[in-house]
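To keep things clear, I will list the structure first and then write my remarks on it.
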Amino acid sequence: MCITGMGWTTALGDGLDEVWQRLTDGRVGIRESTGDGRPPAALLTDDGPAGPPSERQIALAVTTATAALRDAGCPAGDVDTLVLGSSLGPHLDDAAEISPHDLTSAVAAQLGVPGAVSVSTACSSGADALAAGAALLTGGEADRCLCGGIDLLTESKLLGHRALGTLAASGTVRPFDTDRDGTLFGEGAGFLLLETRAAATARGARILGELRGWGASNDGTGPTAPDETGAGAVLAVRRALARGGADTQDIAVINAHGTGTRANDTAEAACYGTVFGPRSRALVFATKPALGHTLGATGALEAIALLLALRHGTVPPLPHTRTVMPELALALATDRPREFTGSLGISLTLGFGGFNTCLLLTADEPPSAVGGAA
C-alpha cells in the first residue's frame, strides 16, 4: 500500500520536518507537572476548544487529518474511508453518552469522508488502524483510506495507570535501560493516507513510501502484562515479514514500542532476540522518551517516525538510556543520532490486553510493485 501523505501533532510540534529535527537533536516534550499532583507528561501546547474532552479530541483529529491530506495533495472527498484508532478516547471522562465510534463518525463528517471505521485495541490502536486500512485496500473495498490514531490525557487514564504502577517515578522514560522504572504519558495524533498503487498513480501522487506488510497477534497472557517470553510479539513480526516478502536480514531499522516499563521492555527484547538474533544489523530506536506514551496514537506516530527515519537514514537518540539491558542483542541509538543504510524497517506496538502489531515499511518503491494495484 502506498503512503502518500502524513500529518502529526505532538508535544514537540506538528511540522513533519520540525518535529523530526527536534527528535534527532535529543529534544524532549515531557514537562514537569504544574504542581497539581500530576506526573510529568508530554502535553500538547494547544488545549483546543474549551469544552468536554470529546470536542477537543474531534478538533485535534480534524486538524491533524487535514494536515495529512494537505501533505498528500488529496481532497477529503476523494478518500473512501477514515480508519481511526484510540484507546477509548475520552469515553470515560465525558458526561455525554458518546462512544468511540461516535467520535470517529464526527471526525469523518467534518472532514467530508464518507466512510468511518473505529479501532480500539489499547496501545496498538493506531497501528491496527493502518493494518485495517491496508486490508480494506487489499480486499478491493476502498482505493484510499485515511488511517490514524489519537489520544488525549484524561483523568481516568491517569488514575488507571497510577493504580497499575506503570508510571516512572524517576520522571524520565528510559527504554531498555537496566534501571528503567516505567513510562510517562503524552498526547498526540497521527494520520497517514494509504492508497492502492493504481489510485496513487492515477492522480499523479507523490509516493513517500509503502506499507509492505502487517501482522498482529494476541498473547492472551492477561489484561495488562505482556508475555515476557515475547512469543506473541514474535508471531506479529513474523507475520508482517511474511506478508511483505521480507527476511530478517532485510530489516535495517526498528522503531520499538520502548515504553520503559520492566515487563514491556523484557518482552520486546526477547522478541528481537528470537526473530533477529545477535548478528542482525538492525538498529533500534524509540520515541516515547521524547513524545511520551501516547496510547492509541502511538502506532500511527511511530509509523510516521519510522518512515522519516528511513527517508533520512538516521535515527534519533534515547536521551535518558545509559546502560543498555544485556537482554537486548541489537544495536541501540543512545547518546547521539545514528546513521544506517537500508530501506526496510518495522514498527512494533504491544498493547494492553495482549495486542501485538507489527508494520513493515519501506521508503522506496519496490520495482516489482510498479504497475500493480497494491
Side-chain angles (χ1 to χ4, degrees), residues 1-7 65 68-69 71-72 74 78-86 104 108 113-121 124-150 190-203 205 207-218 235-246 251 255 296-307 310 343-349 351 355-366 368-370 372-374:
M1 301 300 116
C2 297
I3 300 168
T4 58
M6 305 188 296
L69 291 171
D71 185 55
C74 180
D78 290 348
V79 176
D80 299 296
T81 305
L82 171 72
V83 187
L84 182 56
S86 181
T104 300
V113 175
V117 174
S118 297
V119 177
S120 187
T121 50
S124 290
S125 298
D128 283 333
L130 284 159
L136 289 173
L137 268 61
T138 301
E141 300 297 324
D143 292 323
R144 297 184 184 92
C145 288
L146 181 60
C147 308
I150 183 170
F191 287 85
L192 299 90
L193 183 62
L194 298 185
E195 304 187 49
T196 64
R197 188 165 296 274
T201 301
R203 71 179 188 91
I207 296 174
L208 303 175
E210 184 181 7
L211 176 55
R212 280 262 306 265
W214 54 95
S217 70
N218 191 293
L235 186 57
V237 173
R238 286 178 171 166
R239 284 173 171 169
L241 294 176
R243 185 184 293 273
I251 303 303
N255 191 347
T298 289
L301 291 174
E302 292 178 355
I304 294 172
L306 175 59
L307 189 54
L310 289 165
S343 61
L344 273 178
I346 63 168
S347 180
L348 180 63
T349 54
F355 293 104
N356 310 291
T357 305
C358 180
L359 304 176
L360 173 67
L361 298 178
T362 178
D364 295 330
E365 299 179 49
S368 59
V370 174

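No experiment lies behind these values; they were computed from the predicted model shown.
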Of the non-hydrogen atoms in [X] and [Y], which two are nearest, and what is the gap between them?
| X | Y | answer |
| --- | --- | --- |
| Ala68 | Gly7 | CB-N, 3.6 Å |
| Gly133 | Cys145 | O-SG, 3.9 Å |
| Gly299 | Leu130 | O-CD1, 4.4 Å |
| Leu241 | Ile346 | CD2-CG2, 4.3 Å |
| Glu302 | Ser347 | CB-OG, 3.8 Å |
| Met1 | Ala134 | CG-CB, 3.8 Å |

Mind checking the [atom1]-[atom2] spacing from [X] to [Y]? Nearest 0.5 Å is all I need.
| X | Y | atom1 | atom2 | result |
| --- | --- | --- | --- | --- |
| Ile3 | Leu193 | CD1 | CG | 9.5 Å |
| Asp128 | Ser120 | CG | OG | 10.0 Å |
| Leu360 | Leu348 | CG | CG | 12.5 Å |
| Asp80 | Leu137 | CG | CG | 7.5 Å |
| Glu195 | Cys2 | CD | SG | 7.5 Å |
| Thr4 | Leu208 | OG1 | CG | 7.0 Å |

Q. So do Leu69 and Leu146 actually touch side chain to side chain, heavy atoms under 4.5 Å?
A. yes
**Q.** Sub-4.5 Å side-chain heavy-atom contact between Thr357 and Thr121
**A.** no
Q | Check against side-chain contact (heavy atoms from CB on, under 4.5 Å), Leu359 and Leu211 | A | CA-CA 7 Å; Leu359 304 176; Leu211 176 55; 4.0 Å; yes
Q) Is the backbone N or O of Gly215 less than 3.5 Å from a side-chain atom of Arg239, with the two atoms forming a donor-acceptor pair by type? A) no
Q. Is there a donor-acceptor contact under 3.5 Å linking the side chains of Thr349 and Ser124?
A. yes
Q) Knowing that exactly one of Leu301, Ile304, Leu84, Val83 qualifies, which makes a side chain to side chain contact (heavy atoms under 4.5 Å, CB included) with Phe191? A) Leu84
